[in-house]
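Contents: one structure, followed by commentary.
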Amino acid sequence: MRAVAGIRRWRHNPLCRPTDRHEAWLALTALLLMLVAAPLLGHLCASRTGEALRETVRAQHAQRHRATAVVVRESPGGASSFDGLSEGAVAEGGTRTSVVAEWRAPDGTVRTGTVPAPADSAVPGTRIRIWTDDRGGPAPRPMDATAARTHAVLAGVGAALLTTGAVEAARRVVLRGMTRRRYARIDRAWARTGPDWGRTGAGS
């Protein structure tokens, strides 16, 4: 930021080196990219992600159905195929356990399977609500619109932050190269004048 603020002041300063102006313009370009390009890319990423997730929400709600299942017994293994999944709660509730339950598929056939259920609903004969797919098998709960929007916003913020970090990393790399070239020029100039330093009549 100091380099950017000094561009105008340095332009007519006789002590200003070309490398100083180059570094200032580099900093200004990086700042503009961070303020303009990063938000635009973040917005674009959020929009595209939101569209994809909304399509996923529509597809999941079209393919998954609520059904009423009857608990047969508690699952001996204490685990179902949906345990550990972020949206894998096929039944509503807080503390969960796994039970063997029966329910009817959309085609009317009776299905049996292991599904998670609230801990207080593990008594045989208890009715629980689950989600099934088009074939009647147990399925994870579909994503809702709120979760889709949250994921889209997070994706946009992440894209903007990554873009900002990439711009700053690129600026540092270019600046490091400019600094090395500047020091190389100083070393070459010193190599030409250094041997005559302090000698009488050498013009130093």
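It should be emphasised that the depicted structure is a prediction, and the values quoted were computed from it without experimental measurement.
You'll find the side chain of R129 reaches within 4.5 Å of the side chain of T68, heavy atoms only. Side-chain contact between V100 and T112 is present, with at least one heavy-atom pair separated by less than 4.5 Å. For the pair H65/D134, a side-chain contact is recorded, criterion being any heavy-atom separation below 4.5 Å from C-beta on. Counting heavy atoms from C-beta on, the side chains of V115 and I128 come closer than 4.5 Å.
Qualifying side-chain contact (heavy atoms from CB on, under 4.5 Å) partners for R135, counting only residues two or more places apart in sequence or in other chains: D133. With sequence neighbours excluded, the residues that form a salt bridge (Lys or Arg N to Asp or Glu O under 4.0 Å) with R58 are E55. With sequence neighbours left out, the side-chain contact (heavy atoms from CB on, under 4.5 Å) criterion links V157 to V153, L161. For R172, the salt bridge (Lys or Arg N to Asp or Glu O under 4.0 Å) partners two or more places apart in sequence, or in a different chain, are E168.
Sorted by first and then second residue, the side chain to side chain donor-acceptor pair (under 3.5 Å) pairs involving residues 32-51 (not counting sequence neighbours) form an empty list.
Rounded to the nearest 0.5 angstrom, T132 OG1 and W103 CH2 are separated by 8.0 Å. In this structure, T146 OG1 and H151 NE2 are separated by 11.0 Å, a value rounded to the nearest 0.5 Å. Between D144 atom CG and R149 atom CZ the span is 8.0 Å, to the nearest 0.5 Å. Within the model, atoms CH2 of W131 and NE2 of H61 stand 6.0 Å from one another, a figure rounded to the nearest 0.5 Å. Separating the CZ atom in R54 from the CE atom in M143 is a distance of 12.5 Å, to the nearest 0.5 Å. In this structure, CG in L40 is found 11.0 Å from CG in L35, a value given to the nearest 0.5 Å.
The two residues Q60 and P142 have their closest heavy-atom pair at OE1-CA, 3.3 Å. Across every non-hydrogen atom of R171 and A27, the tightest pair is CD-CA, 4.2 Å. Residues A159 and G42 approach most closely at CB-CA, 4.2 Å, considering heavy atoms. Between G136 and P106, the closest heavy-atom pair is CA-CD, 3.7 Å. Between P118 and T97, the shortest heavy-atom distance links the atoms O-CG2, 4.0 Å.
Here V167 is tied into one hydrophobic group with L33, M34, each link being a pair of ILVMFWY side chains closer than 4.5 Å.
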